[in-house]
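Here is the structure we will look at, set down as structure tokens.
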Amino acid sequence: MADEKIQKLMTEIENLTVAELAVLVKELKEKFDIQAPAFVAGGAMPAAGGAGAAAEAEAEEKTEFTVVLASVGDKKIQVLKELRAVTQLGLKEAKEIIDNVPSTIKDAASKEEAEKIKSKLEEVGAKIEVK
């Protein structure tokens, strides 16, 4: 009977998304006051926590990034042109971002998209932060 309940629970956990799994891990830690070890010598995890720690690490891997314009630099017009090119923003919207530094260029960008925006804008002298 207990094995059947555990198998059913395992099946349900396997079907969770990474985001749902992260919430589950957080809730379990809070409910049962679980403290994860900060460092285990030799890189070995305790037997009981090995699978849970691996799942937790996967759940906490960041998949969405915020791209922030930290500074425009000396070439404001070139930055404005490149910002419009990489974001498809209109002139007014792009100018508002540049005039209100620091400002968010893109929320929930993939890692690749965030890096592309960062490299393009840094080529023309802007300073970009990816969070």
Side-chain angles (χ1 to χ4, degrees):
M1 184 79 153
D3 288 335
E4 195 174 302
K5 286 173 81 175
I6 291 171
Q7 286 300 323
K8 182 179 178 187
L9 183 58
M10 289 298 294
T11 302
E12 288 186 37
I13 290 172
E14 288 173 349
N15 291 324
L16 293 176
T17 66
V18 173
E20 292 168 333
L21 185 59
V23 171
L24 175 64
V25 169
K26 181 180 176 260
E27 293 292 324
L28 288 171
K29 281 183 176 181
E30 289 176 8
K31 173 123 177 114
F32 297 107
D33 194 32
I34 297 170
Q35 303 294 322
F39 176 77
V40 177
M45 292 297 295
E56 180 182 343
E58 182 182 329
E60 291 180 2
E61 185 175 331
K62 197 167 182 179
T63 58
E64 293 184 342
F65 298 86
T66 301
V67 183
V68 177
L69 177 63
S71 116
V72 177
D74 297 338
K75 302 175 183 174
K76 187 175 181 178
I77 293 173
Q78 287 86 344
V79 172
L80 179 66
K81 287 179 182 179
E82 197 60 47
L83 178 62
R84 291 188 64 210
V86 297
T87 62
Q88 305 300 313
L89 289 173
L91 180 61
K92 181 180 178 183
E93 293 86 1
K95 188 171 180 332
E96 284 178 12
I97 288 174
I98 287 177
D99 290 342
N100 296 308
V101 173
S103 54
T104 301
I105 296 171
K106 176 115 180 162
D107 280 321
S110 68
K111 185 174 185 175
E112 296 80 20
E113 183 180 20
E115 289 302 321
K116 176 185 168 196
I117 293 170
K118 180 179 179 181
S119 68
K120 292 281 188 181
L121 290 171
E122 286 183 342
E123 284 177 16
V124 292
K127 183 175 180 211
I128 304 297
E129 295 175 2
V130 177
K131 300 178 182 180

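A quick note: this is a predicted structure, and the numbers were derived from the prediction, not measured.
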Atom of [X], atom of [Y] and distance for their closest heavy-atom approach:
| X | Y | answer |
| --- | --- | --- |
| Ser110 | Phe65 | C-CD1, 4.0 Å |
| Val124 | Glu82 | CG2-CB, 4.1 Å |
| Arg84 | Leu89 | NE-O, 3.3 Å |
| Ala70 | Pro102 | CA-CB, 4.4 Å |

Looking at side-chain heavy atoms only, is the closest gap between Leu91 and Leu80 below 4.5 Å?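 With C-beta onward as the side chain, the pair touches.
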
Between Leu69 and Ile128, is any pair of side-chain heavy atoms under 4.5 Å apart?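 Yes - at least one pair of side-chain heavy atoms lies under 4.5 Å apart.
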
Nearest 0.5 Å, what's the [atom1]-[atom2] distance between [X] and [Y]?
| X | Y | atom1 | atom2 | result |
| --- | --- | --- | --- | --- |
| Lys111 | Glu64 | NZ | CD | 14.5 Å |
| Glu93 | Gln88 | CD | CD | 12.0 Å |
| Leu83 | Lys95 | CG | NZ | 12.5 Å |
| Lys5 | Met10 | NZ | CE | 15.5 Å |
| Lys120 | Lys81 | NZ | NZ | 15.0 Å |

A quick test of your reading: do over 12 heavy atoms of other residues, nucleotides or ligands sit less than 6.0 Å from CG of Leu9?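 For Leu9, atom CG is crowded (more than 12 foreign heavy atoms under 6.0 Å).
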
For Thr11, all residues meeting side-chain contact (heavy atoms from CB on, under 4.5 Å), sequence neighbours excluded: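 Only Asn15 meet the side-chain contact (heavy atoms from CB on, under 4.5 Å) criterion with Thr11.
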
Could you go through the salt bridge (Lys or Arg N to Asp or Glu O under 4.0 Å) check for Glu4 and Lys8 one step at a time? CA-CA 6 Å; Glu4 195 174 302; Lys8 182 179 178 187; over 6 Å; no

Presence of salt bridge, Asp99 and Lys76, under 4.0 angstrom: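 So Lys76 pairs with Asp99 through a salt bridge.
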
So that I can tick it off, tell me whether Lys116 and Glu112 are bridged by a salt bridge, with the cut-off set at under 4.0 angstrom between side-chain N and carboxylate O.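 So Glu112 does not pair with Lys116 through a salt bridge.
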
Test log, rule side-chain contact (heavy atoms from CB on, under 4.5 Å), inputs Glu27 and Lys31: CA-CA 6 Å; Glu27 293 292 324; Lys31 173 123 177 114; 6.0 Å; no

Please lay out, stage by stage, how Leu121 and Val67 fare under the test side-chain contact (heavy atoms from CB on, under 4.5 Å). CA-CA 11 Å; Leu121 290 171; Val67 183; 5.7 Å; no

Assess the residue pair Leu24 and Glu20 against the criterion (side-chain contact (heavy atoms from CB on, under 4.5 Å)); give the C-alpha distance rounded to whole Å, side-chain angles, the decisive distance to 0.1 Å, and a yes or no. CA-CA 6 Å; Leu24 175 64; Glu20 292 168 333; over 6 Å; no

From CA spacing to verdict: side-chain contact (heavy atoms from CB on, under 4.5 Å), Thr87, Ile97: CA-CA 11 Å; Thr87 62; Ile97 288 174; over 6 Å; no

Among the clusters formed by ILVMFWY side chains lying less than 4.5 Å apart, do Phe32 and Ile13 turn up in the same one?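 Linked, Phe32 and Ile13 end up in one cluster.
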
When you group the ILVMFWY residues by side-chain heavy-atom contacts below 4.5 Å and let the links chain together, are Val72 and Ile117 in the same group?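 Cluster IDs for Ile117 and Val72 match.
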
